[in-house]
Amino acid sequence: MTSADTLEPPRLSLGVFGWLKKNLFSTWYNTVLTFIALWFIYTVLSQMIVWAFTSARWQVITANLRLFMVGPYPPDQVWRVWLVLCIVSTLMGLSAGVFGGTMRTFARWLAAAYATLIVLDVIAEQTQPFVEFTRRWSTGQFMSALPGIVWLLINLALLGGGWWIGRERAAWRGRIVAAWFVSFFVTVALLQGFGRDTWLPEVSTTLWGGLLLTFMLATVSIVVSFPLGVLLALGRRSKLPAIKIFCILYIELVRGVPLVTILYMTQIMLPLFLPGQLRIDNVTRAIAGMTLFTAAYMAENVRGGLQAIPLGQIEAAHALGLNEALTTILIVLPQALRMVIPAIVGLFISLFKDTTLATIVALLELLGVGRSVLAQAEFMGLQTEVYLFIAAIFFVFSYAMSFASYRVEEALGVGKR
Amino acid sequence: MDVGMVSGVRDMIIARDVHKWFDRLHVLKGINLTVKTGEVVVIFGPSGSGKSTFIRTINRLEEHQRGTIIVDGIEMTNDIRNIHAIRREIGMVFQSFNLFPHLTVMQNITLAPMWVRRWPREQAEQIAMDLLRRVGIPEQAHKYPAQLSGGQQQRVAIARALAMQPKIMLFDEPTSALDPEMIKEVLDVMTELAKSGMTMICVTHEMGFARSVADRMVFMDAGQIIEEGTPEQIFNNPQHERTKLFLSQILH
């Protein structure tokens, strides 16, 4: 064999026992450590599992599920929330079909969640809701009478249907993105309603709560703070002194103050400064506080990306005749933003969790609902169940964001080109 | 006002007494150079002599602080519209390629024609494909710059500059960052371009290229033009000691 022959790479795989020996039992003290760790994991896990299946009283969750999901939103209007979920399911399904990739994974998770809830519903409630349904149906309140399990089935069907329709329709990409955008405003309009005796009576935002409110706070703050942060970052690098100084002052002032303080200021001080007739509701004020706060951090993250763009990129764009605006939009921002995706998603995740701070300004978002549930006499002392449930919900959505960010980075080839 | 018409052949670039300082450092000390339409000028000299800075003043990537630069009949002033108008007519190729890494080869080339010249996509892409064939890499159109070799990247950079259909091409040490076996493929493209009648200013130490292609060679040192002449004059009969010394160092 000559040295110029191309050789197969050597086999490195060890098999299960090889792996165990190499990683867990390589020396006598590693073996001891392995057994100690196993014993520790066993004790903790077994106790948790025994607790979860025997002594934990999960009724506190099932009995208050509506509260956890929508808070004090009027029960006879909850069908609007279901309708919003239907819109989301349809769009998720269509996106999964049209875009594939990460959207497909999300659609699978969503379908799995619906299926699980349907099964749990069947086990827990048996036929009772249908009795309720026929009773209310006879009084003519069709929408509010539909039991949750029917809504879940409709959502599952819409998800699957959307997926099926969306397959091989790559041309719909633009339309779907636009639909997501429009759906946001439709959602707000649908949840809020208008007038008193219309077909869609107004539901004041003070009655929004639970996961619904958490979502509204997080989504609006994320969507608005992103462009605001980009503008602040660009402004901080502006050649015009007035803009530059304003942006620096804003960023540094806001970053120097805790979010709690800003929330108090928007809740308590803002009404003092605004003219008497102009009333801005609590939720909007909380959203404004979170948006303004996040925008400052966003600006610093984006600035980090802007600084990493080599001067040669800007020179090349200028040499081609691109003006400052086109250079920024076409060359600098796309590269800077993809570089800071991990930092931005991290910021969004922490914003999502920081929505819990809205409880201190008397908004009943998920954590607030949890505390009010625990304040009821019959559910006293069930903190573990309630907070575990809330933590699980936050974890699922935070992990989804994190997961999406990895997939987007992969698709854009961040760190590779 | 048309400043550049002299004896029938238009002067494409006129630089008169151009000075430039970086803070207190005097890097260009009164450069006078006129380049006619279709002329190929090679600028060479030791590093730090100001040759890169000088060609970067021609499309105002660097601002000159004294003197006059007139390109295609338009004087370079602080008027931003003039600057953009002139930059559209000047293509530039950099030592470090400076391709846009987030765009494909095709998007790199069509970006400026579509956004600055406002050509429709089909037209821009057709021109881009023609140019990619001209520089010999049509099959790379839909790859990203990072997937290409250095020589291929520099040829894409040349195609990108040519896509604006410029009147002048500036080359700032286009082969200095390349591995030896890739230098030739870039020089071949530049030679073909020079023969097609493009007005070119090249900062380069590729003396073989200069000898076969340049109409005129300019030797710069310490912010000044020391000597200029045809390749025969410069190679066979240099007038200044510094030119002789520098040539002896780079020609071995």
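Numbers restart at 1 for each chain; the letters A, B, ... are given by sequence-line order, proteins then strands. As the structure is a computational prediction, the values presented were derived from the model and not from experiment.
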One should read off an interatomic distance between A:N323 CG and B:R81 CZ, to the nearest 0.5 angstrom, of 13.0 Å
Is A:L326 close to chain B through its backbone or its side chain, or both, or neither, when contacts mean heavy atoms under 4.5 Å?
side chain
Pick one of side chain, backbone, both or neither for B:F100, based on which atoms fall under 4.5 Å of a heavy atom in chain A.
both
Output for pair (A:L322 CG, B:M164 CE), nearest 0.5 Å, gives 8.0 Å
Check whether more than 12 heavy atoms from other residues, nucleotides or ligands sit under 6.0 Å from atom CH2 of B:W21, and answer yes or no.
yes
In terms of heavy-atom pairs under 4.5 Å with chain A, the winner among B:L103, B:L99, B:I80 is B:L99
Does CZ in A:F181 sit with more than 12 non-hydrogen atoms of other residues, nucleotides or ligands closer than 6.0 Å?
no
Members of residues 110-129 of chain B whose heavy atoms come closer than 4.5 Å to chain A:
B:L111, B:A112, B:W115, B:V116
Measure the spacing between NE2 of B:H84 and CG of A:L320 and express it to the nearest 0.5 Å.
12.5 Å
Is there any residue in residues 48-68 of chain B with a non-hydrogen atom under 4.5 Å from a non-hydrogen atom of chain A, and which ones are they?
B:R56, B:N59, B:L61
Check: A:L330 main-chain N/O paired with B:H102 side-chain donor or acceptor under 3.5 Å:
yes
Around atom CD of B:E181, are there more than 12 heavy atoms from other residues, nucleotides or ligands closer than 6.0 Å?
yes
Can you list the residues of residues 302-315 of chain A that sit under 4.5 Å from chain B, counting heavy atoms only?
A:G312, A:Q313, A:E315
Write out, in numerical order, the residues from residues 219-244 of chain A with a heavy atom short of 4.5 Å from a heavy atom in chain B.
none
Where is the tightest heavy-atom contact between B:R87 and A:G321, given as atom of each residue plus distance?
CB-CA, 4.0 Å
